[in-house]
Enquirer: 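Sharing a structure with you now.
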Amino acid sequence: MSDDGRGLRAVARVRAVRERDSKLGLQQAARIAQERALELARREDELDAAPAFTGGSAGAFLVARQSLGTMATETSQASDRAELGRDIATESLGRWLGDRSRLRAVELLSERRAEHRRAELAQLERRDLDEIAGRSWLRAAASRERA
């Protein structure tokens with residue numbers, strides 16, 4: 001095997017590892033994005049289900065207002081985390097697609113080179129067979145002339 005073939009196989013191995021790693025990263029990012037989206041939905045449901053202040057003392061009103069404010073802040077933070085999770089998952093998808101296309105390019109180049117080598121070997125084999133057939137024909141012709 002030529003140094004070029006070994007080098008191409010080494011590049012393919014590196015690209016395969018990178019593609020696998022970026023795919024694992026994508027899967028993890030997608031899982032985290034899904035968890036954050038579920039957290040946001042839970043926080044929104046809690047905020048929607050929070051009881052409205054219907055009456056009571058000023059202190060009870062302040063406690064209810066503070067509780068709703070805290071829930072709204074937590075929902076807003078959950079929304080920010082969910083958006084960040086989606087952004088990271090989108091970026092991870094782009095990286096994986098890029099790594100996958102680079103791996104595929106190396107694989108296609110390797111396949112083309114292998115096909116080219118097979119074609120060269122077939123041509124050499126045909127040339128050898130033609131040479132053998134030609135020599136056979138010359139021997140047979142020489143035998144016929146002697147006879």
Side-chain angles (χ1 to χ4, degrees), residues 1-53 61-147:
M1 172 67 39
S2 70
D3 287 339
D4 186 40
R6 283 190 293 269
L8 192 56
R9 282 197 314 273
V11 169
R13 282 192 305 272
V14 168
R15 293 286 183 206
V17 168
R18 284 186 182 169
E19 187 271 341
R20 187 190 70 228
D21 288 348
S22 64
K23 185 175 185 179
L24 291 173
L26 170 60
Q27 291 169 341
Q28 182 178 9
R31 189 172 42 257
I32 290 170
Q34 182 180 22
E35 290 170 1
R36 289 179 176 179
L38 290 172
E39 177 194 4
L40 174 59
R42 184 179 57 79
R43 298 262 184 205
E44 288 173 338
D45 289 345
E46 288 174 357
L47 188 58
D48 289 343
F53 183 75
F61 173 75
L62 288 177
V63 168
R65 182 174 173 219
Q66 184 178 15
S67 177
L68 284 175
T70 300
M71 290 175 75
T73 300
E74 290 172 351
T75 302
S76 177
Q77 291 171 347
S79 176
D80 292 344
R81 287 190 298 271
E83 184 178 349
L84 180 60
R86 283 190 303 272
D87 291 347
I88 291 171
T90 300
E91 184 178 326
S92 295
L93 175 62
R95 285 186 184 184
W96 174 68
L97 290 172
D99 287 342
R100 185 178 71 165
S101 73
R102 284 186 284 279
L103 172 61
R104 187 64 185 137
V106 171
E107 290 172 342
L108 287 173
L109 178 59
S110 181
E111 289 171 12
R112 276 191 230 134
R113 287 185 178 176
E115 181 60 35
H116 182 70
R117 282 192 296 275
R118 283 191 292 274
E120 284 178 343
L121 289 173
Q123 184 179 10
L124 287 173
E125 186 178 355
R126 283 191 302 272
R127 193 176 311 148
D128 288 346
L129 291 174
D130 284 348
E131 180 70 24
I132 291 169
R135 287 182 187 169
S136 261
W137 184 84
L138 286 174
R139 282 189 204 126
S143 292
R144 282 190 301 264
E145 286 181 11
R146 281 186 244 147

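Note that this is a predicted model, so its numbers are computed, not measured.
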Enquirer: Has Q34 got more than 12 heavy atoms of other residues, nucleotides or ligands less than 6.0 Å from its CD?
Expert: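 No, the 6.0 Å shell around CD holds no more than 12 heavy atoms from other groups.
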Enquirer: State plainly whether the residues R100 and E19 are in salt-bridge range, i.e. N to O under 4.0 Å.
Expert: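 A salt bridge is absent here (no side-chain N lies under 4.0 Å from a carboxylate O).
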Enquirer: Report yes if some heavy atom in the side chain of R20 is under 4.5 Å from a heavy atom in the side chain of K23; otherwise report no.
Expert: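 No, too far: nothing below the 4.5 Å cut-off.
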Enquirer: Any sub-3.5 Å donor-acceptor pair from T75's side-chain atoms to M71's backbone N or O?
Expert: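 Yes, the answer is positive, given that a donor and an acceptor are paired below the 3.5 Å cut-off.
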Enquirer: Whether E111 and R104 form a salt bridge (side-chain N of Lys/Arg under 4.0 Å from carboxylate O of Asp/Glu) is what I want to check.
Expert: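 So R104 pairs with E111 through a salt bridge.
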Enquirer: Taking R18's backbone N and O only, do any of them form a donor-acceptor pair with S22's side chain (distance below 3.5 Å, no angle check)?
Expert: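 Such a contact is found between S22 side chain and R18 backbone.
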Enquirer: Looking at R118, R117, R113, R112, which one forms a side chain to side chain donor-acceptor pair (under 3.5 Å) with E115?
Expert: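 That would be R118.
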Enquirer: Does R102 CZ have over 12 foreign heavy atoms under 6.0 Å away?
Expert: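 Yes, CZ of R102 has more than 12 neighbouring heavy atoms, counting only those of other groups under 6.0 Å.
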Enquirer: Is it true that E131 and R127 make a salt bridge, defined as a side-chain N closer than 4.0 Å to a carboxylate O?
Expert: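 No.
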Enquirer: Is the shortest side-chain N to carboxylate O distance from E39 to R36 below 4.0 Å?
Expert: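 Looking at E39 and R36, the cut-off is not met.
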Enquirer: Rounded to the nearest 0.5 Å, how far does OG1 of T73 lie from CZ of R43?
Expert: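 One finds 10.5 Å between CZ of R43 and OG1 of T73.
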Enquirer: Can you see which heavy atom on A89 is nearest to which on A33, and at what distance?
Expert: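 Smallest heavy-atom distance, with atoms named: CB-CB, 4.2 Å.
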Enquirer: Should the pair R42-D45 be classified as a salt bridge under the 4.0 Å nitrogen-to-oxygen rule?
Expert: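 Salt bridge absent between R42 and D45.
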Enquirer: Atom OG1 of T90 and atom CZ of R95: how far apart are they, to the nearest 0.5 Å?
Expert: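 It comes to 12.5 Å.
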Enquirer: Measure the CH2-CZ distance between W137 and R144 for me, rounded to the nearest 0.5 Å.
Expert: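 So the CH2 of W137 and the CZ of R144 are separated by 7.0 Å.
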Enquirer: What distance do W96 atom CH2 and E91 atom CD have between them, rounded to the nearest 0.5 Å?
Expert: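 So the gap between those two atoms works out to 16.0 Å.
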Enquirer: A side-chain contact here means heavy atoms from C-beta on lying under 4.5 Å apart; do I88 and I32 qualify?
Expert: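 No. Closest side-chain heavy atoms not under 4.5 Å.
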Enquirer: Would one find more than 12 heavy atoms of other residues, nucleotides or ligands at under 6.0 Å from atom CD of E120?
Expert: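 Buried by this count: over 12 neighbours within 6.0 Å.
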Enquirer: Using a 4.5 Å cut-off on heavy atoms from C-beta on, say whether the side chain of L47 contacts that of L68.
Expert: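 Yes. Closest side-chain heavy atoms under 4.5 Å.
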Enquirer: What's the separation between atom CZ in R13 and atom CG in L103, rounded to the nearest 0.5 Å?
Expert: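 R13 atom CZ to L103 atom CG measures 12.5 Å (nearest 0.5 Å).
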Enquirer: Please round to the nearest 0.5 Å and tell me the distance separating atom CG of L40 and atom CZ of R86.
Expert: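 Answer rounded to 0.5 Å: 7.5 Å.
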